[in-house]
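Below, chains carry the letters A, B, ... as their sequence lines are ordered, and counting in each starts from 1.
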2 protein chains.
Amino acid sequence: MYRIGELAKQCEVKADTLRFYEKHGLLSPSMRSDSGYRLYSEQDAERLRFILRAKAVGFTLSEITELLSIDLDKSNWACADVKGMVDIKLANVEEKIAELNHFRVSLQRLSDACCGGPESAEHCSILEALESNVEVKCENHSHDHGETEYKTSCKLKG
Amino acid sequence: MYRIGELAKQCEVKADTLRFYEKHGLLSPSMRSDSGYRLYSEQDAERLRFILRAKAVGFTLSEITELLSIDLDKSNWACADVKGMVDIKLANVEEKIAELNHFRVSLQRLSDACCGGPESAEHCSILEALESNVEVKCENHSHDHGETEYKTSCKLKG
DNA sequence: ATAAACCTTAGAGTTAAATCTAAGGTCAAG
DNA sequence: CTTGACCTTAGATTTAACTCTAAGGTTTAT
């Protein structure tokens with residue numbers, strides 16, 4: 001039997017987290033000591049590891065609750081059910097990745113459009129792009145800082 | 001001048017959101033009507049569009065607050081400062097993408113390992129992977145449901 | 001016997017960005 | 001003159017997953 005701090009350390013979580021999981025029905029210690037300390041069995045520890053593995057692949061705690069209840073009652077569930085959950089989650093994750101990729105591309109464009117030098121930001125392409133509804137379309141840019149020699153290889157398209 | 005609902009509709013946000021932005025110092029209407037209604041100028045509307053564009057590339061509201069204050073005081077900032085913000089955000093977004101890709105790969109492996117059929121989940125590879133510290137290593141799998149003919153092309157590695 | 005390290009509880013706080021509620025005032029149309 | 005759509009405010013709620021606080025009890029080592 002492990003006390004809360006022992007199990008926490010072993011699984012690299014905080015004792016707080018174990019209390020939190022208990023409050024939310026994910027994991028309860030199978031015993032209490034005479035003085036009321038939580039005592040976790042090896043089975044409890046395994047359940048915790050299940051939870052942590054499921055977290056590591058991206059499931060939320062409420063999804064994990066569902067997975068745990070399926071796991072305890074496997075014979076009443078089909079593979080299709082379990083795979084369905086994974087596939088929904090996968091679609092979910094792919095959607096978030098797509099959104100972030102959109103951010104990434106836009107940010108990269110902004111970054112590429114700006115010289116990043118010590119010049120005043122008065123003509124900064126990034127700020128200009130945010131000010132007007134303009135799409136940054138290129139990769140290299142030199143500001144017009146009133147100098148006579150520069151190359152402008154960047155086009156803004158409204 | 002636009003009333004709150006008009007500007008909200010025009011920019012496809014809720015009036016609540018505009019009040020929220022005001023409370024948090026991002027956007028205040030330049031006037032109030034005699035009866036206390038918020039009245040937004042075209043300049044206010046432009047500021048809102050700036051905010052929404054910055055949001056669309058992934059900046060948080062507090063980052064946008066910073067961008068707005070730079071934008072209003074450009075001459076005291078360098079391109080490097082602005083590009084720096086974008087690059088930090090970009091790194092940030094790339095980190096999140098990497099994390100989600102990790103999830104995606106793990107989920108894909110789990111999904112591929114499971115037949116997804118109507119069979120009982122008693123021998124489901126997904127649940128087995130979550131139960132034990134096993135890595136799913138392959139793409140195709142048929143369960144051993146006690147049948148005599150099947151192919152197991154999936155290996156689990158402990 | 002006392003200090004340090006551990007444990008208990010209930011409940012509040014954190015983060016981000018809204019969203020909602022209640023109770024009421026304003027305005028234009030019919 | 002009343003109905004309905006709009007507006008006002010302050011403040012509570014939402015979501016997820018913790019994290020922290022306060023006030024106190026237990027264990028272990030010296």
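Sorted by first and then second residue, the salt bridge (Lys or Arg N to Asp or Glu O under 4.0 Å) pairs involving residues 17-31 of chain A (not counting sequence neighbours) are A:Asp16-A:Arg19, A:Glu22-A:Arg32, A:Glu22-A:Arg38.
Contacts of B:Arg19 with the nucleic acid, taken as non-hydrogen atoms under 4.0 Å apart, include base atoms.
Straight-line distance from the CD atom of A:Glu66 to the P atom of D:dA16: 13 Å, rounded to whole Å. To the nearest angstrom, C1' of C:dA18 lies 14 Å from CD1 of B:Ile51. Rounded to whole Å, atom C1' of C:dA18 lies 13 Å from atom CD1 of B:Ile64. Rounded to whole Å, atom C1' of C:dT8 lies 15 Å from atom CG of A:Leu18. Spacing between atom CZ of B:Arg32 and atom C1' of D:dC7 amounts to 10 Å, rounded to whole angstrom units. Protein atom CD1 of B:Ile4 is 17 Å distant from nucleotide atom C1' of C:dC27, rounded to whole Å. The distance from atom NZ of A:Lys9 to atom C1' of C:dC7 is 15 Å, rounded to the nearest whole Å. If you measure from atom CG of A:Leu39 to atom C1' of C:dT8, you get 13 Å, rounded to the nearest angstrom.
For A:Phe20, the ring-ring contact (aromatic ring centres under 6.0 Å, His included) test picks out A:His24, with sequence neighbours left out. For A:Lys74, the side-chain hydrogen bond (donor to acceptor under 3.5 Å, both in side chains) test picks out B:Glu131, with sequence neighbours left out. Annotation: side-chain contact (heavy atoms from CB on, under 4.5 Å) contacts of A:Glu42 (sequence neighbours excluded): A:Tyr2, A:Ala45, A:Glu46, A:Arg49. Not a single salt bridge (charged side-chain N to carboxylate O under 4.0 Å, His left out) links A:Asp81 to another residue, sequence neighbours left out. Scanning for side-chain contact (heavy atoms from CB on, under 4.5 Å) contacts around A:Ser62 gives A:Thr60, with sequence neighbours left out.
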Under 4.0 Å protein heavy-atom contact, by nucleotide of nucleotides 17-30 of chain D - B base, S sugar-phosphate only: BBBB----BBS---
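Residue A:Arg38 has a polar side-chain atom (N or O) positioned under 4.0 Å from OP1 or OP2 of C:dT8.
Side-chain contact check for A:Leu72 versus A:Arg47: some heavy-atom pair is nearer than 4.5 Å. Side-chain contact between B:Phe59 and A:Leu107: present, with at least one pair of heavy atoms (C-beta onward) separated by less than 4.5 Å.
Less than 4.0 Å separates DNA chain C from no heavy atom of any residue of residues 88-107 of chain A.
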Identify every side-chain donor-acceptor pair in residues 83-95 of chain A under 3.5 Å, counting partners at least two apart or on other chains, and give the distances.
{"unit_1": "A:Lys83", "atom_1": "NZ", "unit_2": "B:Ser111", "atom_2": "O", "d": "3.0"}
{"unit_1": "A:Lys83", "atom_1": "NZ", "unit_2": "B:Cys114", "atom_2": "O", "d": "2.9"}
{"unit_1": "A:Asp87", "atom_1": "OD1", "unit_2": "B:Ser111", "atom_2": "OG", "d": "2.5"}
{"unit_1": "A:Lys89", "atom_1": "NZ", "unit_2": "A:Gly58", "atom_2": "O", "d": "3.3"}
{"unit_1": "A:Lys89", "atom_1": "NZ", "unit_2": "A:Glu63", "atom_2": "OE1", "d": "3.0"}
{"unit_1": "A:Lys89", "atom_1": "NZ", "unit_2": "A:Glu63", "atom_2": "OE2", "d": "3.3"}

